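Only one structure is covered here, and it is reproduced in the block below.
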Amino acid sequence: MRVIRVVLCLVVGAGVIVGAQGRGGGGGAAAQTPLNLPPDTERITQLKTEAVAQVESMKEFSQQMVDQLFSYGELGFQEFETSKYLVALLKKNGFSVEEGVAGIPTAFIATWGNGKPVIALGSDIDGIPQSSQKPGVAYRDPLIDGAPGHGEGHNSGQAVNITAAIVLKKIMEREKIPGTIRIWPGVAEELVGAKAYYIRAGLFKDVDIALFTHVGRNLSVSWGDGGGTGLVSVLYSFQGESAHAAANPWRGKSALDAVELMDVGWNFRREHLPLSSRSHYVVRDGGDQPNVVPPTASVWYYFRQVTYPGIKEMWAAGDQVAQGAALMSDTKLLPTRVLGSAWPRHFNRAVAEVTQANIQKVGMPEWSEDDQAFARAVQKELGVPQQGLSTRVGGLGAPVDPATNTGGGSDDIGDISWNMPTVTLSYPSNIPGLPGHNWADGMAMATPIAHKGVTAGAKVQAMTLVDLVLKPEVITAAWDYFKNVQTRTQKYEPLIRPQDQPAIEMNREIMAKYREKMRPMYFDPTKYKTYLEQLGIKYPVIKK
Ligand SMILES: [Zn+2]
């Protein structure tokens, strides 16, 4: 997903809003009045101060995790090294781990503690194809040409959560505070391939609050309908008949024709879709060689919209165009396959307000002159304004009105967010102005910029955990919002159908091609302090 800063505000629809505000549905100003949540007691303030100091003292531990995952650079559903490493680390730190959950080999749930509340901390772990890039080098310079890499920054979010969780675990043990902490990975987020299956498998059934983290350019959090979209990812496969393409073309039925006609048809249909629609496709199978009429062909679509009904409508339009293409080419449309799905995101107000208060206490990291010089050099290289790194935390993001939301990226955290109170904490581990899903988005992701951003995020997360385990009022308010505002009229229905299964074979071939070349470059923390040191990179490397 891409994090979009939200500047629009809207009125919360009717419904009971907990706290001082009473019945919502008033004007924008009323909707912005904070909920009546309890302030920090002296004990809570003390524990938060201790938690922040503990996170700071663990910054090398966090940095190693960031660098390790960066060096693995694994694609969705193939995060085997990443998963193995995180599971071992969590076990070593006293978590019990269930592996291979929801039928996904690289997924796991790590648990520590007892009783309520149950807090689930998640973050994505997968990379981007062809985004291999040397960190700390401000121009295109792949570690391995063509290989995948962390061109989205998903190597950093687990470190935020795990560092905060370990700090809280120590405090809870000593203070005998009840509660359960769960750690889970966003597997194959770039395929929006896992989280709906986590929900279907019941992995979050007893969870009170889900805290998600995502790399960003700032420390920020939001509530209500998020920016961006939800989506359904569908594979359309056609069956034709092969024939000698020159000797007997009239005997053949080209499945590739069906794919091309579907794409042409869809590109005409696009003009008549709502402005908030986004869609894109890649051809997965276009036949074998020109002298054989392609008997099979397939095309993979993402249909994105800002509401669940909008996604369903767009998907139905896609199905219709596919049927038309089959009719025109005299081929057969095979049963479609859903390869991924994501509900549009909606975040919890009470948890966001608590998180925002902690963001303000933590503030932005102190960037060095090298960090700023590197950021400006990357921005110069990309031809975007040379603004450097953000130095001020974001304000509390207000709800985006679906009626004026013109779309954007997605994250299957949306599915979690419609099943329990959830927020996404954005932490400042990357450079503003990058294109997203690109090698440039990996440049900072194993440098002090990423490391400092993670430590700042972990401080916020640790403080929010203190709030959640010691202020039951926050959890009550969170569920009140969830039940009486968020899901009052819109209930969750999965986009995945009963016959759909996790697409765990995806990316297998790409990783098989590159893994052995990448292996010698895995980070070795027994020999080097940082990945930059291992690679011999004198950060920041800037074009003269
Ligand atoms: Zn992402």
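Positions are given from 1, in the same order as the sequence printed here. Read the numbers this way: they start at 1 and go in the same order the structure lists the ligands and their atoms. Because the structure is a prediction, the values reported are computed rather than measured.
Counting only residues at least two apart or in different chains, ring pair (Phe, Tyr, Trp, His ring centres under 6.0 Å) contacts with residues 383-407 are absent. Sorted by first and then second residue, the ring pair (Phe, Tyr, Trp, His ring centres under 6.0 Å) pairs involving residues 379-435 (not counting sequence neighbours) are Trp343-Trp418, His346-Trp418.
No more than 12 heavy atoms of other residues, nucleotides or ligands lie within 6.0 Å of CD in Glu60, so this atom counts as exposed by the packing criterion.
Note on Asp411: not counted as a metal contact of the Zn ion (ligand 1), no N/O/S atom lying under 2.8 Å.
Its N, O or S atom nearest to the Zn ion (ligand 1) is what matters here, and for Glu152 that atom is OE2. Considering just the N/O/S atoms of His154, the one nearest the Zn ion (ligand 1) carries the name NE2.
Heavy-atom minimum distance, Ile311 versus Ala342: CD1-O, 3.9 Å.
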